[in-house]
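Only one structure is covered here, and it is reproduced in the block below.
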Amino acid sequence: MNHFTKWAAAAALATAGSAALAEGLFTPNLSYRTGPFAATGIPLMNGQADYMNMLNARDGGIGGVMIDFEECETGYSTEKGVECYEKTKGKAIVTQPWSTGITLQVLPKTNVDEIPILAPGYGFSPMMDGKTFQWAFNTPAGYWDAADMIVQYLEGQGSLDGKKIAFLHLDHPYGKEPLPLLERMAEEKGFELVPIPVGLKEMQNQSAQWLQIRRERPDYVVMWGWGAMNAGAITEAVKTKFPMENMVGVWWAGHDADLKIVGEDGKGYKSISWSFPNLDAPVVADIKTHVVDAGNSKSNEEEMAGVFYNRGIIISAILAEGIRMAQQEFDTGEIDASQLRWGLENIDMTEARISELGLDGMVPPFKTSCADHTGKSGGWMLEWDGEKFVKVSDHLTPNTEAYEALVAEKAAEYAEANAPWPVNDACEM
Amino acid sequence: MLYRTAGQFKTTYKADQALFPVRQDAVLLAIILLFAWVIFPLTASEFAFQTLLIPIMIYALAALGLNILTGYAGQLSLGTAAFMGVGAYACYKMVTLMPWMNPILAILLSGIFSAGVGVAFGIPSLRIKGFYLAIATLAAQFFLVWLFEKWAWLYNYNASGAIQVPNLDIFGIYVAGPQASSVVQYFVVLGIVTLLTLLCINLTRGNLGRTWKATRDMDIAAELIGINLMKSKLTAFAVSSYVVGVAGALFVFMWRGAAEPNLFDIPLSFRILFIAIIGGLGSILGNYLGAILIVGLPVVLGIVPEALGLPVSSAMVEHLNIMIVGGLIIFFLIIEPHGLARLWALIREKLILWPFPH
């Protein structure tokens, strides 16, 4: 009953909200609060929604225009995702596809529909090439940046020459994404890369993969997992007594709930991240006053202390900053999709700006341009201390020059396969 | 009254064996075709094309293919999605290896590849039947999806392992890929679906269809009256896989635009099997009714609360949707275990007698 009342209350609020915000900037989110990936989706969605609700309550939206932050439920299914995209594209100024599958589906349509895709930290890595992918943004960092920073960090622990790295990944476009770069780095730095795919059906039972890891005896395990795969891998690693400090995951493999299952045994597990939960940041206090205390949040205290909820906040903050930049440039509150694209291309998150927004220590500084849709924020290496994630490295920055050629090559390949594919020739960077 | 058949006399065998012995059936179909070919394209929105009209037709076509095999020839198959995948990958390889090829021709040819694969996996049906055959087709399902993942040549060594539909045109009009407009894609799908449906109706009414039905009803008896079971079963596998393969090519090229291997995994097979079962095994119309219920209804239910201005959150709508559709499936199966097509047949019979039942 309690659960039901909560749902009813949430539903009532959602409508009350959307009725009041009927005229505003429509920034739909293709959320997944249902289905097999819901456990990881809910904290992210809550963080995103709470930040936007906070702006609406505290400042009356952005630049005086309310934000209509509606969710369209996909359950992480590509089919539903396309349905949501079609449903929202009429008046949306941005698409937040939230799955590599949906991103792949929507990306080729962007040049036709002319709506920016905001895919923070996911999607197709070459999207950082803003000239080719005019409408797609994987701000503030892409998967290749993650792979590069992880290798950098491991190098910091000692030369990788002659070492063996197992790459445990989901056998899916998402998991395969960093392979070209890792293969190249293996050649350059002289380590041996052992890719170990985990099929979608094997996510929860990875005994075969971990048997292989035991046999191969890698020095490090780098993990590109999502959803149930992370919990599966971490519990299996604990069971087989793999030294946790030698296991590093991408940012989507750094969910507090996955590590709480193993608790103390997971100590030493690392995950690269471009966001960090700083519970003392002013923005957290503002969300508490304007959203949580007003009863408008679907989140809870435990979730709000986690990495994923706070990443949700950062994602909305990036979007809000893009909207703000566009509003200033075009001198109008009611911006359209192409004006927002300009805004997202001109975000300059300096340290000063970050603390002005109250996001101190939650995101590294970054700057986008028409040629660089990622912004090269870099990130921090986080480590599980048995109870929560803590920062264990200084600010790491990806060495993007090393793979600029690879980005250009893959972007050109994409443009050719999808010809006619207009590129942004006006961009002179 | 509306369905009165009094006065419709058949004076020749030809007239008696026509596709529509009752005139009202023909009129009804003409109205449906008028809607499909003229009224929908003129009035439908982008959303309706992409989430209702195109997917319903493609799913119905896939279910039609399965129905030939399971409903008409009695061979249970759980590998439909894999055969769709064969069609989709074959089409992808054809258009990327031979970019000059007419995309519609490529879609129609891609069915031949899946027909070949279907026949190969149909060979066990000569020795085993029923649940055992279902397991053999399940093997096809797992093997083919594994192949789509591991055989990099199939997806042109793309780093992400997915296939992406390029922009394809016929005489300067884009029919596939992101540049294609929904109306054009709709007409391509409608044309192919109409053609294949007509073909299937006539196949199932003809000699081949009768041998399939005989095989389904009792294979020993069929063999005794001189039906070659090998020919009957393998033609059913070939025709079924051809239709399913074309549906798979349409699925990716006319609708999804991109596909990863696990799209063709077992949930899709089950979904198509449900459409065929709920629609009615051994019927053509049932596939359409089933597809409307399983594919179309959730989309419509999803937009109802918003249209009415009801205060329901998006995740809640999704939960309600699953419950309502699940409930409806059970409801329909209880009131008519033979599927929606049978339900329509009963309604039609009642209408013919109305208002003077016996």
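All chains are named by letter (A, B, ...) in the order of the sequence lines, taking the proteins before the strands, and each is independently numbered beginning at 1. Values in this document were obtained by computation on a predicted structure and should not be read as measured data.
- Only the side chain of B:Tyr174 comes within less than 4.5 Å of a heavy atom of chain A; its backbone N, CA, C and O stay farther away.
- Ranked by non-hydrogen atom pairs under 4.5 Å with chain B, the options A:Pro180, A:Cys72, A:Gly90 are led by A:Cys72.
- Counting heavy atoms of neighbouring residues, nucleotides and ligands inside a 6.0 Å radius, atom CG of B:Leu42 exceeds 12 of them.
- Top candidate by heavy-atom pairs under 4.5 Å with chain A, chosen from B:Glu318, B:Arg256, B:Gln164, is B:Arg256.
- Contact tally against chain A (heavy-atom pairs below 4.5 Å) for B:Leu52, B:Asn167, B:Asp265, B:Leu263: the top residue is B:Asn167.
- Neither the backbone nor the side chain of A:Phe124 has a heavy atom closer than 4.5 Å to any heavy atom of chain B.
- Of all the listed residues (A:His172, A:Glu413, A:Lys410, A:Lys89), the one sharing the greatest number of non-hydrogen pairs under 4.5 Å with chain B is A:His172.
- Residues of residues 79-98 of chain B never come closer than 4.5 Å to chain A when only heavy atoms are counted.
- Between the side chain of A:Glu73 and the main chain of B:Met316, no donor-acceptor pair closer than 3.5 Å is present.
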For residues 293-304 of chain B, which side-chain N or O atoms pair as donor and acceptor with protein atoms under 3.5 Å away, sequence neighbours left out?
none

* To do: Walk me through it: do B:Gln50 and A:Glu83 pass the test side chain to side chain contact (heavy atoms under 4.5 Å, CB included)?
  => CA-CA 7 Å; B:Gln50 290 295 333; A:Glu83 189 187 315; over 6 Å; no
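- Contact of B:Asn156 with chain A is not made at all, since no heavy-atom distance falls under 4.5 Å.
- To the nearest 0.5 Å, the span separating OG on B:Ser182 from CD on A:Glu86 amounts to 6.0 Å.
- Contact count versus chain B (heavy atoms, under 4.5 Å) is highest, among A:Ala417, A:Gly75, A:Ser31, A:Pro420, for A:Pro420.
- For A:Ser125, no part sits under 4.5 Å from any heavy atom of chain B, backbone or side chain.
- In terms of heavy-atom pairs under 4.5 angstrom with chain B, the leader among A:Leu179, A:Thr34, A:Asp113 is A:Thr34.
- In terms of non-hydrogen atom pairs under 4.5 Å with chain B, the most contact-rich of A:Lys109, A:Lys80, A:Met45 is A:Lys80.
- Using a 4.5 Å cut-off between heavy atoms, B:Glu260 touches chain A through its side chain atoms alone.
- Neither the backbone nor the side chain of B:Val317 comes within less than 4.5 Å of any heavy atom of chain A.
- For the atom pair CZ (B:Arg271) and CD (A:Glu79), the distance works out to 4.5 Å, reported to the nearest 0.5 Å.
- Between chain A and the options B:Trp255, B:Phe49, B:Phe47, heavy-atom pairs under 4.5 Å are most frequent for B:Phe47.
- Between B:Gln179 and A:Trp421, the closest side-chain pair of non-hydrogen atoms is not below 4.5 Å.
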